[in-house]
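Single-structure report; data block below.
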Amino acid sequence: MSEHIKVLLPEDEIAVRIQELGERISADYAGRQVHLICVLKGGSFFMCELAKRITVPVSLDFMSVSSYGGDTKSCGVVRIVKDLDESLKDKDVIVVEDIVDSGRTLSYLLEVLKGRGPKSLRLCTLLDKPDRRVVNVNVDYTGFQIPDEFVVGYGLDYDQKYRNLPYIGIVEFESDTPQQAERASI
């Protein structure tokens, strides 16, 4: 099977929404510094663009968690692959994520981070897929709510492909041969 990417959110629409999020975060944290934690790898594109649009002082850190492997659905087992470099003690922290779907990964991650003593802890996501929610997660800043489709681009990938697309697209799988189409429908 091969895949085709259909544009869901064009680049210019994403840029406008990230500007709005940056303005809102800047207003909410006026007079303070905000510490952004990027959830790698997908969140890196979004966090870089968001940080450039926040007008209060910003510090950055990165962590990597895994719950997908090479599949299109979360397996439910969360692993911290790369932990933070800095302490969160008494910092105003915003976790920056590319997408929230089942909520399992972020629920686990937020509990871990709460235990590290931040002054405040909020969540910002570019994409929210509430129809897939299995675990309740409070999202403080949302770029876009999207339908239950497998999406790529702007940092999101399918088996490490398509992260570099400047837009968000829906992956549509196509059969390469009539025999594959027949097997896929069984």
Side-chain angles (χ1 to χ4, degrees), residues 14-69 71 73-130 132-146 151 153-157 160 163-164 168:
I14 295 169
V16 168
R17 186 64 185 131
I18 293 173
Q19 178 66 39
E20 293 169 353
L21 289 171
E23 290 170 2
R24 185 166 158 223
I25 290 168
S26 298
D28 289 353
Y29 288 88
R32 304 186 312 201
Q33 177 170 330
V34 66
H35 186 70
L36 302 180
I37 296 175
C38 175
V39 181
L40 296 171
K41 298 175 185 171
S44 61
F45 288 69
F46 175 46
M47 188 175 83
C48 289
E49 292 303 315
L50 179 65
K52 291 189 292 188
R53 288 159 176 84
I54 296 173
T55 58
V56 299
V58 173
S59 57
L60 308 174
D61 206 345
F62 301 86
M63 75 184 312
S64 180
V65 296
S66 176
S67 67
Y68 278 85
D71 201 358
K73 292 190 172 141
S74 172
C75 64
V77 178
V78 180
R79 295 181 309 121
I80 294 178
V81 179
K82 185 233 177 278
D83 209 340
L84 299 172
D85 294 329
E86 298 180 31
S87 168
L88 299 183
K89 186 85 172 123
D90 299 323
K91 292 183 179 177
D92 288 310
V93 174
I94 300 176
V95 175
V96 180
E97 180 63 288
D98 54 359
I99 189 167
V100 179
D101 56 24
S102 74
R104 286 185 187 114
T105 301
L106 282 169
S107 175
Y108 171 82
L109 182 59
L110 292 171
E111 283 304 311
V112 167
L113 297 178
K114 277 182 202 173
R116 297 182 183 187
K119 181 177 179 181
S120 66
L121 180 62
R122 290 186 173 170
L123 174 60
C124 179
T125 186
L126 178 60
L127 304 174
D128 188 7
K129 203 187 288 188
R132 298 257 314 141
R133 201 75 86 244
V134 177
V135 177
N136 188 32
V137 175
N138 181 44
V139 181
D140 301 284
Y141 304 100
T142 301
F144 302 92
Q145 280 195 357
I146 63 168
V151 293
Y154 220 87
L156 293 127
D157 74 296
Q160 297 300 324
R163 286 188 196 280
N164 61 318
I168 301 296

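Source: prediction; values computed, not measured. One is the number of the first residue; the rest follow in order along the sequence.
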Pairwise side-chain contact, Leu88 with Leu121, heavy-atom cut-off 4.5 Å (strictly under): no

Working for side-chain contact (heavy atoms from CB on, under 4.5 Å), residues Ile146 and Ile99: CA-CA 10 Å; Ile146 63 168; Ile99 189 167; 4.0 Å; yes

Rounded distance [0.5 Å steps], CZ in Arg122 versus CG in Leu36: 12.5 Å

side-chain contact (heavy atoms from CB on, under 4.5 Å) partners of Tyr108, counting only residues at least two apart: Val78, Ile80, Val112

With sequence neighbours excluded, residues passing salt bridge (charged side-chain N to carboxylate O under 4.0 Å, His left out) with Lys119: none

Approximate separation, where rounding is to 0.5 Å, of Phe46 CZ and Leu156 CG: 11.0 Å

Closest non-hydrogen atom pair between Cys124 and Ile25, with its separation: SG-CD1, 4.4 Å

Approximate separation, where rounding is to 0.5 Å, of Lys91 NZ and Ile37 CD1: 8.5 Å

Short side-chain to backbone donor-acceptor contact, Thr125 and Leu127, under 3.5 Å: yes

Tyr29 to Val93 - nearest heavy-atom pair and separation: OH-O, 4.4 Å

Close side-chain approach of Phe45 to Leu126, heavy-atom, < 4.5 Å: no

Shortest non-hydrogen separation from Arg17 to Gly143 and the atoms involved: NE-O, 2.9 Å

Heavy-atom closest pair, residues Val100 and Gly103: CG1-CA, 4.5 Å

Donor-acceptor contact present, side-chain Arg32 to main-chain Val56, <3.5 Å: no

Tyr154 and Ile18, any side-chain heavy atoms less than 4.5 Å apart: yes

Side-chain donor/acceptor of Arg133 to backbone N/O of Asp101, under 3.5 Å: yes

Backbone N/O of Phe62 and side chain of Lys82: donor-acceptor pair under 3.5 Å: yes

Partners meeting salt bridge (charged side-chain N to carboxylate O under 4.0 Å, His left out) with Asp157 (sequence neighbours left out): Arg163

Residues that Lys41 engages under salt bridge (charged side-chain N to carboxylate O under 4.0 Å, His left out), provided they are two or more places apart: none

OG1-CG distance between Thr105 and Leu110, expressed to the nearest 0.5 angstrom: 10.5 Å

By salt bridge (charged side-chain N to carboxylate O under 4.0 Å, His left out) - contacts of Asp83 (at least two apart): Arg116

Point-to-point distance, once rounded to the nearest 0.5 Å, from CZ of Arg53 to CD of Glu20: 11.5 Å

Side chain proximity check, Leu84 to Leu113, heavy atoms < 4.5 angstrom: yes

Distance, nearest 0.5 Å, that separates CG of Leu21 from OG of Ser26: 10.5 Å

Closest contact, heavy atoms only, Cys38 versus Gly43: SG-C, 3.4 Å

side-chain contact (heavy atoms from CB on, under 4.5 Å) between Glu97 and Leu109, intermediate numbers included: CA-CA 11 Å; Glu97 180 63 288; Leu109 182 59; 5.7 Å; no

Under 3.5 Å donor-acceptor, Asp140 side chain and Leu123 backbone: yes

Least distance between heavy atoms, Ala51 atom then Val58 atom: CB-CG1, 4.4 Å

Side chain to side chain donor-acceptor pair (under 3.5 Å) against Asp90, all qualifying residues, sequence neighbours excluded: none

